[in-house]
Amino acid sequence: MLPVGLACLRYFLVGSNHAETKYRVLKIDRTEPRDLVIIDDRHVYTQQEVRELLGRLDLGNRTKMGQKGSSGLFRAVSAFGVVGFVRFLEGYYIVLITKRRKMADIGGHAIYKIEDTNMIYIPNDSVRVTHPDEARYLRIFQNVDLSSNFYFSYSYDLSHSLQYNLTVLRMPLEMLKSETTQTRQESFDIFEDEGLITQGGSGVFGICSEPYMKYVWNGELLDIIKNTVHRDWLLYIIHGFCGQSKLLIYGRPVYVTLIARRSSKFAGTRFLKRGANCEGDVANEVETEQILCDASVMSFTAGSYSSYVQVRGSVPLYWSQDISTMMPKPPITLDQADPFAHVAALHFDQMLQRFGSPIIILNLVKEREKRKHERILSEELVAAVTYLNQFLPPEHTIVYIPWDMAKYTKSKLCNVLDRLNVIAESVVKKTGFFVNRPDSYCSILRPDEKWNELGGCVIPTGRLQTGVLRTNCVDCLDRTNTAQFMVGKCALAYQLYSLGLIDKPNLQFDTDAVRLFEELYEDHGDTLSLQYGGSQLVHRVKTYRKIAPWTQHSKDIMQTLSRYYSNAFSDADRQDSINLFLGVFHPTEGKPHLWELPTDFYLHHKNTMRLLPTRRSYTYWWTPEVIKHLPLPYDEVICAANLKKLIVKKFHRFEEEIDIHNEFFRPYELSSFDDTFCLAMTSSARDFMPKTIGIDPSPFTVRKPDETGKSVLGNKTNREETVLQRKTAASAPPPPSEEALSSSSEDDSGTDREEEGSVSQRCTPVKMTDTGDSAKATENVVQPMKEVYGINLSDGLSEEDLSIYSRFVQLGQSQHKQDKSSQQLCSRCSDGVIKLTPISAFSQDNIYEVQPPRVDRKSTEIFQAHIQAGHGVMQPLGKDDTAMYREYLRNRYL
């Protein structure tokens with residue numbers, strides 16, 4: 001995307017696709033001091049056409065015809081997308097994404113993290129009306145660091161779950177065709193109307209849905225242009241976390257992706273946003289989705305994909321904590337009496353609509369205290385759930401699981417994670433998970449007892465997750481992240497089993513797979529904790545396993561102090577920035593400024609400013625349409641209300657927009673292995689599997705604590721030594737950005753996170769040191785040669801080995817002297833060189849020329865069947881194939 005400035009009167013935004021073969025142009029008027037005037041010409045240009053257009057604009061706006069030096073058209077900035085438009089007290093600004101970094105790939109759809117942005121003031125200086133408070137608002141707005149954990153994708157809807165996205169894609173074609181006529185009239189896409197008429201009827205239908213605005217953070221910034229420009233200009237961003245790692249199972253790549261979507265409703269910082277608002281939106285609400293996919297086939301239609309979703313959020317009550325007392329744990333107070341659980345009813349009605357039933361609450365707050373503190377929330381939550389459940393049908397009631405995690409942690413007789421594992425098993429069995437393919441044949445032949453008890457909804461094309469686990473403690477940070485990890489670990493075992501990758505749905509600690517997954521979840525927890533609490537996690541999975549090193553205690557104290565400092569001194573400014581960025585507060589001339597408000601309570605609770613039009617029933621507290629379709633989530637049901645949210649478009653079958661191969665591999669770009677994302681991401685084989693020869697390469701084998709691939713770093717946490725270690729590994733990922741370093745811990749898990757760092761850039765900084773320091777660093781981080789290669793070359797070679805090597809060198813020299821045109825071997829050989837007869841399938845095979853062998857008909861048919869399987873067309877099995885498979889199972893398992 002190339003915003004281009006034209007003279008002093010207007011901006012032109014020229015947007016293109018990845019291949020730069022199609023372009024759209026927006027014109028922004030700069031003569032309006034306060035209003036935003038944008039014109040979309042509703043036309044798709046080719047590269048030649050857009051060059052001619054810009055050339056005519058350049059030629060027509062020079063000060064004097066023929067003077068190239070005084071051109072009226074110049075490039076202002078290059079960008080990757082438009083975040084939106086914002087206005088304070090003067091004119092509008094445009095916010096552009098100027099740097100991005102690829103963080104994940106789902107089905108060939110790239111997910112990017114925003115690395116840098118640029119704000120450009122639109123009105124010209126000649127018409128600008130200045131205001132003394134404009135600079136202060138601009139500074140507050142920019143306090144929301146868009147380069148910190150904001151994500152977007154051009155082709156994948158990050159605001160919805162994978163289950164929703166793939167369920168929508170399975171909608172019947174007849175229904176799509178019936179909706180096409182109305183949608184095309186509303187979309188004003190000229191290219192669609194022009195191209196398909198000339199190209200005949202060889203079209204395919206594409207479908208996209210409206211984003212789930214609860215998890216969109218720039219919805220307010222795009223609202224002013226949403227109905228003016230083409231939808232391709234609208235780029236919705238989410239806030240939270242995104243990480244992806246590669247699990248290698250005997251060479252078979254499996255991608256494990258973790259996506260966290262932070263709610264933009266009732267958003268804020270730790271002590272300033274507690275409980276819920278009048279609309280049922282809770283503080284610190286985050287939807288976490290773990291996606292598992294077989295990376296050998298990347299297509300959504302032919303590949304194997306699975307996902308599991310869980311939620312965290314503050315206790316849905318009217319409660320708060322007074323931070324004016326400057327206490328580490330301010331007292332909890334209930335702000336409003338809610339005997340009919342009105343706010344909890346609104347919250348759980350939203351959850352039933354999005355996730356279906358059952359809704360399972362895992363409450364981790366303390367239940368027994370000398371002085372009532374956290375127990376206040378437990379008692380009120382139990383009363384609210386009990387009241388709401390008496391009106392729900394028995395099969396769809398809210399499941400409430402209280403468990404005092406802090407109490408069990410202090411006990412020496414109880415294992416916290418064992419108890420959490422029991423809870424996780426029961427939760428996953430009730431909700432099930434999503435998988436886009438039917439149960440594999442091996443699971444039918446060898447059924448597992450736990451598999452048969454699995455809940456959810458079984459459909460002909462796979463399984464659907466119905467219901468969700470909602471975990472909370474007081475802050476929804478440390479205890480919640482550990483509980484979510486244990487539930488995610490249990491779900492991961494079922495996901496691997498459903499894809500036929502393990503023989504039993506069970507995963508053990510200290511395996512490469514679980515270590516990789518634990519690292520993802522710790523990065524996830526650290527990121528969310530920094531966003532809401534101002535520091536990283538204080539208690540980690542290692543803490544609750546009681547295997548954390550003794551130095552971890554001092555680091556926990558530092559994290560606690562960091563969190564306390566952030567809450568006491570910087571949270572108020574961060575809250576003002578969030579309110580301004582999300583459009584909760586709109587600066588208006590003649591009204592109090594944002595920094596003059598004594599509280600933002602009235603901004604987030606709309607019922608305090610005006611009477612709500614209707615009030616829900618105290619007994620029938622749910623939406624009627626939602627309860628009819630339970631246990632399925634209403635948002636995924638095919639009905640008239642949901643069809644209105646869909647946009648249907650018809651493409652030609654050879655369009656670049658729907659060509660997954662070109663989108664993923666990008667043959668029009670020069671690429672190298674060093675820059676390839678799939679090779680740079682964290683890998684279980686490279687980063688976790690021991691490097692010792694003879695070790696079982698399975699990622700499901702239990703390792704000793706000192707056998708991990710990352711143990712070569714020892715206890716070193718020095719960044720330069722880590723960089724030097726990466727320099728010695730050809731396939732290691734690049735180091736993290738400064739932002740990643742600032743959010744990393746100094747323990748072992750922090751070192752692990754550094755290796756996951758910046759996964760799309762391949763530039764590795766080298767520390768300039770003197771010879772002594774370099775020698776010490778190399779000695780510390782380089783593995784012994786015998787441990788890596790099985791031999792020690794410094795001991796000297798035997799005479800036999802030297803003789804073989806000298807013959808090899810002479811052979812290479814004689815081959816190098818051979819003339820390319822000569823096809824006959826040299827008759828005269830050097831002394832001691834063995835005459836070698838090439839044993840190869842190639843009829844002609846040397847360093848100059850290779851003639852490929854002929855392939856028989858059967859081999860060609862096998863290869864063609866393999867290609868067809870990649871496109872989802874499976875060959876029918878014959879009797880011999882079935883008999884061979886049964887014989888294999890009988891010999892292997894029976």
Any Lys/Arg nitrogen of Arg128 or Glu90 sitting under 4.0 Å from an Asp/Glu carboxylate oxygen of the other? yes

Would you check, one step at a time, whether the test side chain to side chain contact (heavy atoms under 4.5 Å, CB included) holds for Leu580 with Val86? CA-CA 10 Å; Leu580 186 62; Val86 64; over 6 Å; no

For Leu222 against Val82, the heavy-atom pair lying closest together: CD2-O, 4.2 Å

Keeping Thr588 on the side-chain end and Lys591 on the backbone end, is there a donor-acceptor pair under 3.5 Å? no

Do the charged groups of Arg136 and Asp133 touch, with an N to O distance under 4.0 Å? no

Give the intermediate values and the outcome of side chain to side chain contact (heavy atoms under 4.5 Å, CB included) for residues Leu26 and Ile39. CA-CA 6 Å; Leu26 284 184; Ile39 300 174; over 6 Å; no

Quick check against the 3.5 Å criterion: does Asn118 have a side-chain atom that pairs as donor or acceptor with the backbone of Val95? no

So do Lys645 and Asp635 actually touch side chain to side chain, heavy atoms under 4.5 Å? yes

Is it true that a side-chain atom of Thr269 and a backbone atom of Gln575 form a donor plus acceptor pair closer than 3.5 Å? no

On the 0 to 90° scale, with breaks at 30° and 60°, tag the Trp595-Tyr137 ring pair as parallel, tilted or perpendicular. tilted

May I ask you to decide if Leu158's main-chain N or O and Arg261's side chain share a donor-acceptor pair within less than 3.5 Å? yes

Check this for me: does any side-chain nitrogen of one of Arg101 and Glu115 sit under 4.0 Å from a carboxylate oxygen of the other? yes

Tell me, do Ile237 and Val216 make a side-chain contact under 4.5 Å, heavy atoms counted? no

Please name all residues satisfying side chain to side chain contact (heavy atoms under 4.5 Å, CB included) with Ile578, sequence neighbours left out, ordered by chain then number. Trp217, Ala267, Leu582

Taken in chain and number order and not counting sequence neighbours, the residues that satisfy salt bridge (Lys or Arg N to Asp or Glu O under 4.0 Å) with Glu134 are none

For Arg87, check side chain to side chain contact (heavy atoms under 4.5 Å, CB included) against everything at least two apart and list the hits. Arg34, Tyr92

Report yes if some heavy atom in the side chain of Ile94 is under 4.5 Å from a heavy atom in the side chain of Ile122; otherwise report no. yes

Using distance alone, with no hydrogens and no angle criterion, decide if Asn17 and Thr21 have a side-chain donor and acceptor under 3.5 Å apart. yes

Quiz question: by atom type and distance under 3.5 Å, do the side chains of Ser153 and His109 form a donor-acceptor pair? no

With rounding to the nearest 0.5 angstrom, report the OH to CG distance, Tyr23 to Leu54. 9.5 Å

Taking the side chain as C-beta and beyond, is there a heavy-atom pair between Phe74 and Asp58 under 4.5 Å? no

Residues in ring-ring contact (aromatic ring centres under 6.0 Å, His included) with Tyr93, at least two apart? Phe88, Tyr121

Least distance between heavy atoms, Asp29 atom then Leu9 atom: OD1-O, 3.4 Å

Looking at Gly108, is its backbone amide N or carbonyl O close enough to the side chain of Asp105 to form a donor-acceptor pair, meaning the two atoms are under 3.5 Å apart? yes

Are the side chains of Leu235 and Phe80 in contact, using a 4.5 Å heavy-atom criterion? no

The test is side chain to side chain contact (heavy atoms under 4.5 Å, CB included); show your working for Tyr215 and His239 and say whether it passes. CA-CA 8 Å; Tyr215 297 116; His239 185 38; over 6 Å; no

When rounded to the nearest 0.5 Å, the distance separating CD1 of Ile111 from OH of Tyr154 is 13.0 Å

So with a 6.0 Å cut-off around NZ of Lys246, is the heavy-atom count from everything else above 12? yes

Which atom pair, heavy atoms only, marks the closest approach of Met213 to Lys265? O-CE, 4.5 Å

Salt-bridge test for Glu636 and Arg354: reply yes if a basic N is under 4.0 Å from a carboxylate O, no otherwise. no

Please state whether the rings of Tyr164 and His160 are parallel, tilted or perpendicular, taking 30° and 60° as the class boundaries. parallel

Go through it in stages, so that I can follow the logic: the residues are Val256 and Leu520, the test is side chain to side chain contact (heavy atoms under 4.5 Å, CB included), and I'd like the CA-CA distance, side-chain angles, deciding distance and then a yes or no. CA-CA 9 Å; Val256 183; Leu520 266 179; 4.0 Å; yes

Does the side chain of Tyr151 come within less than 4.5 Å of Met103's, by heavy atoms? yes

What distance separates Asn149 CG from Leu528 CG, expressed to the nearest 0.5 Å? 8.5 Å

Taking atom types as modelled, find out whether Gln244 and Thr257 have a side-chain donor-acceptor pair closer than 3.5 angstrom. yes

Looking at Asp41 and Lys27, is there a salt bridge between them, counting it only when a charged N and a carboxylate O are closer than 4.0 Å? no

So, taking the atom named OH in Tyr45 and the one named NZ in Lys22, what distance separates them when rounded to the nearest 0.5 Å? 15.5 Å

Does Phe266 reach the side chain of Val584, with side-chain heavy atoms less than 4.5 Å apart? no

For His524 and Thr288, test the side chains for any donor-to-acceptor distance below 3.5 angstrom and give the result as yes or no. yes

Check for me whether the distance between the ring centres of Phe152 and Tyr236 falls short of 6.0 Å. no

Could you tell me which non-hydrogen atom of Ser577 sits nearest to which non-hydrogen atom of Asn143, and how far apart they are? OG-CB, 2.9 Å

To the nearest 0.5 Å, how far apart are OG in Ser126 and CZ in Arg30? 8.5 Å

For the residue pair Leu13 and Trp233, establish whether any side-chain heavy-atom pair is separated by less than 4.5 Å. yes

Would you name the heavy atoms of Asp40 and Val25 that are closest together and state the gap between them? OD1-O, 3.7 Å

Please name all residues satisfying salt bridge (Lys or Arg N to Asp or Glu O under 4.0 Å) with Asp157, sequence neighbours left out, ordered by chain then number. none

Qualifying residues under side chain to side chain donor-acceptor pair (under 3.5 Å), relative to Tyr305, sequence neighbours excluded: none

Smallest separation among heavy atoms of Asp116 and Ser147, with atom names: N-CB, 4.3 Å

Salt bridge between Lys214 and Glu287, side-chain N to carboxylate O under 4.0 Å? no

Glu289 side, atom CD; Ile259 side, atom CD1 - distance, nearest 0.5 Å: 5.5 Å

